Trainee: 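Below is one structure. I have some questions about it.
All of these numbers come straight from a predicted model, not from anything done at the bench.
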Amino acid sequence: MNPYEELSEDDHVAFLQIEKEFRQQMEDMQEDRNSNWSYVTADYMNKTLAAAAVLNIDALTGFTVSTRNSDEHRENFDDFLRAVDNVIVQMRIMNSRNRNAMTVGLTESQKSKIHHLIEKIRAEVEGSTTPPDKRDKLFDILNNLAKEVSKDRTRYERFADLARSLAGLSGDVEREGARPWWPWFEKIMGLINDAKEAEPKLPKPPEIKKIEPPRKQLPEPYGEDDYKDPNDEIPF
């Protein structure tokens, strides 16, 4: 499978997708006893940093890849992996909150009312002069919406699908003056609006900040008070 195919248009989601592929490749290669650990881990770092650069993930820009010193590379890799995990957790939280912003949680009472209104729309369409192919397509949309309403959170896009389909049907029958499904759809959207207004407003999530790799501490220089004459140590 090509990891670059079907990447999300969202930079954060795309990074989550591609990093998962790179990490799996690294772990698979590490299972080979003949593999070179430094090469495998540096390859993962190099590709992950490239992905972060093109996807505008600035949090990892403080890291570079170098394997000249094996001990330093091991420490650098461990710090990098922790930083990537930190970024991933932040992205998942932010993406979860963004998804919630595009969904709504319905009470059991609201769900029951919407299911009832869906059946009202179905009955109106069934009794109309709607062409069979468009009627069948709308019934599929109603079925998908009914399943979505039964979930913990309902996506707005399902209601948008229904609105587009009903608008198309209305164009077909408006010359007859028949648009009997719109009052039921408007009642559904009223319930959706009430549910969304009742939800607490979430604050805007903070941006992911740049993660600096730990700086190596150099020994402090000797001061005048720290200097000892080697001759002072000689007892004769």
Side-chain angles (χ1 to χ4, degrees), residues 1-32 34-105 144 147-148 151-161 163-164 196 199-217:
M1 177 181 176
N2 187 342
Y4 302 98
E5 292 182 352
E6 299 183 2
L7 285 178
S8 171
E9 293 294 326
D10 183 284
D11 286 347
H12 285 184
V13 176
F15 182 80
L16 293 173
Q17 292 174 320
I18 201 72
E19 188 280 333
K20 182 179 180 180
E21 291 289 337
F22 293 157
R23 190 176 298 214
Q24 187 62 56
Q25 291 173 5
M26 176 184 68
E27 293 174 352
D28 290 344
M29 293 176 68
Q30 286 178 331
E31 292 181 0
D32 183 354
N34 296 321
S35 66
N36 183 298
W37 183 87
S38 293
Y39 173 81
V40 171
T41 53
D43 182 63
Y44 163 79
M45 288 182 66
N46 187 51
K47 291 190 291 190
T48 302
L49 286 172
V54 76
L55 294 171
N56 304 307
I57 312 300
D58 297 331
L60 302 174
T61 55
F63 289 90
T64 56
V65 185
S66 175
T67 57
R68 293 180 180 178
N69 184 306
S70 59
D71 289 338
E72 286 186 2
H73 170 63
R74 183 176 294 275
E75 182 179 352
N76 186 41
F77 172 74
D78 289 343
D79 292 338
F80 179 74
L81 200 59
R82 280 193 291 270
V84 172
D85 288 341
N86 183 298
V87 169
I88 288 174
V89 169
Q90 292 185 63
M91 286 182 175
R92 287 176 175 169
I93 292 172
M94 292 168 66
N95 290 336
S96 176
R97 297 180 75 179
N98 288 337
R99 284 195 300 272
N100 284 346
M102 298 304 295
T103 62
V104 63
N144 289 332
K147 293 177 182 177
E148 190 77 17
K151 296 180 179 179
D152 290 339
R153 296 191 66 82
T154 301
R155 291 175 291 175
Y156 286 139
E157 64 189 77
R158 293 299 186 191
F159 299 102
D161 290 341
R164 285 193 298 269
K196 196 62 180 178
E199 290 187 336
K201 301 298 186 292
L202 295 176
K204 182 180 179 181
E207 294 183 359
I208 298 176
K209 296 182 179 179
K210 181 177 177 180
I211 301 175
E212 295 285 357
R215 297 182 179 180
K216 292 181 173 54
Q217 297 294 326

Trainee: What residues form a side chain to side chain contact (heavy atoms under 4.5 Å, CB included) with Ser8, not counting sequence neighbours?
Mentor: Asp10, Val13, Gln17
Trainee: With a 4.5 Å cut-off on side-chain heavy atoms, are Phe80 and Thr48 touching?
Mentor: yes
Trainee: With heavy-atom distances below 4.5 Å as the criterion, would you say the side chains of Tyr39 and Thr67 are in contact?
Mentor: no
Trainee: Mind checking side chain to side chain contact (heavy atoms under 4.5 Å, CB included) for Val54 and listing every partner two or more places apart, or none if nothing turns up?
Mentor: none
Trainee: Does the side chain of Val104 come within less than 4.5 Å of Tyr156's, by heavy atoms?
Mentor: yes
Trainee: Over all heavy atoms of both residues, which pair between Ser35 and Met29 is shortest? Give the atoms and the distance, please.
Mentor: OG-O, 3.1 Å
Trainee: Suppose we screen for side chain to side chain donor-acceptor pair (under 3.5 Å). Which residues come up paired with Asp85, at least two apart in sequence or across chains?
Mentor: Arg23
Trainee: Quick check: do Gln25 and Val40 have side-chain heavy atoms less than 4.5 Å from each other?
Mentor: no
Trainee: Residues two or more places apart in sequence or in another chain: which of them pass ring pair (Phe, Tyr, Trp, His ring centres under 6.0 Å) with His12?
Mentor: none
Trainee: Quick one: list whatever passes salt bridge (Lys or Arg N to Asp or Glu O under 4.0 Å) with Asp43, sequence neighbours left out.
Mentor: Lys47
Trainee: Tell me every residue that passes side chain to side chain contact (heavy atoms under 4.5 Å, CB included) with Asp152, counting only those two or more places apart in sequence or in another chain.
Mentor: none
Trainee: Using the side chain to side chain donor-acceptor pair (under 3.5 Å) criterion, which residues pair with Thr154? Sequence neighbours excluded.
Mentor: none
Trainee: Can you give me the closest heavy-atom contact between Ile88 and Leu16, atom names plus distance?
Mentor: CG2-CD2, 3.7 Å
Trainee: Kindly write out the residues that satisfy ring pair (Phe, Tyr, Trp, His ring centres under 6.0 Å) with Phe22, not counting sequence neighbours, or none if the list is empty.
Mentor: none
Trainee: Using the test salt bridge (Lys or Arg N to Asp or Glu O under 4.0 Å), find all partners of Lys147 that sit at least two apart in sequence or belong to another chain.
Mentor: none
Trainee: Looking at Leu7 and Ala14, what are the two nearest heavy atoms and their distance?
Mentor: CD2-O, 4.0 Å
Trainee: Sequence neighbours excluded, which residues qualify as side chain to side chain donor-acceptor pair (under 3.5 Å) partners of Arg74?
Mentor: none
Trainee: Under a 3.5 Å cutoff, is there a donor and acceptor pairing between the side chains of Thr41 and His73?
Mentor: yes
Trainee: Would Ile57 and Met91 satisfy side-chain contact (heavy atoms from CB on, under 4.5 Å), going step by step from the backbone distance to the final call?
Mentor: CA-CA 10 Å; Ile57 312 300; Met91 286 182 175; 3.4 Å; yes
Trainee: Please report the closest heavy-atom contact between Lys196 and Thr103, naming both atoms and the distance.
Mentor: NZ-O, 2.6 Å
Trainee: Tell me whether Gln30 contacts the main-chain N or O of Trp37 through its side chain, where contact means a donor paired with an acceptor under 3.5 Å.
Mentor: no
Trainee: Could you work out, with ring pair (Phe, Tyr, Trp, His ring centres under 6.0 Å) as the rule, every residue matching Tyr44, not counting sequence neighbours?
Mentor: none
Trainee: Using modelled atom types and a 3.5 Å cut-off, is there a donor and acceptor pairing between side-chain atoms of Asn76 and backbone atoms of Thr64?
Mentor: yes
Trainee: Quick check: do Val87 and Glu19 have side-chain heavy atoms less than 4.5 Å from each other?
Mentor: no
Trainee: Glu157: which residues meet the side chain to side chain donor-acceptor pair (under 3.5 Å) condition with it, sequence neighbours left out?
Mentor: none
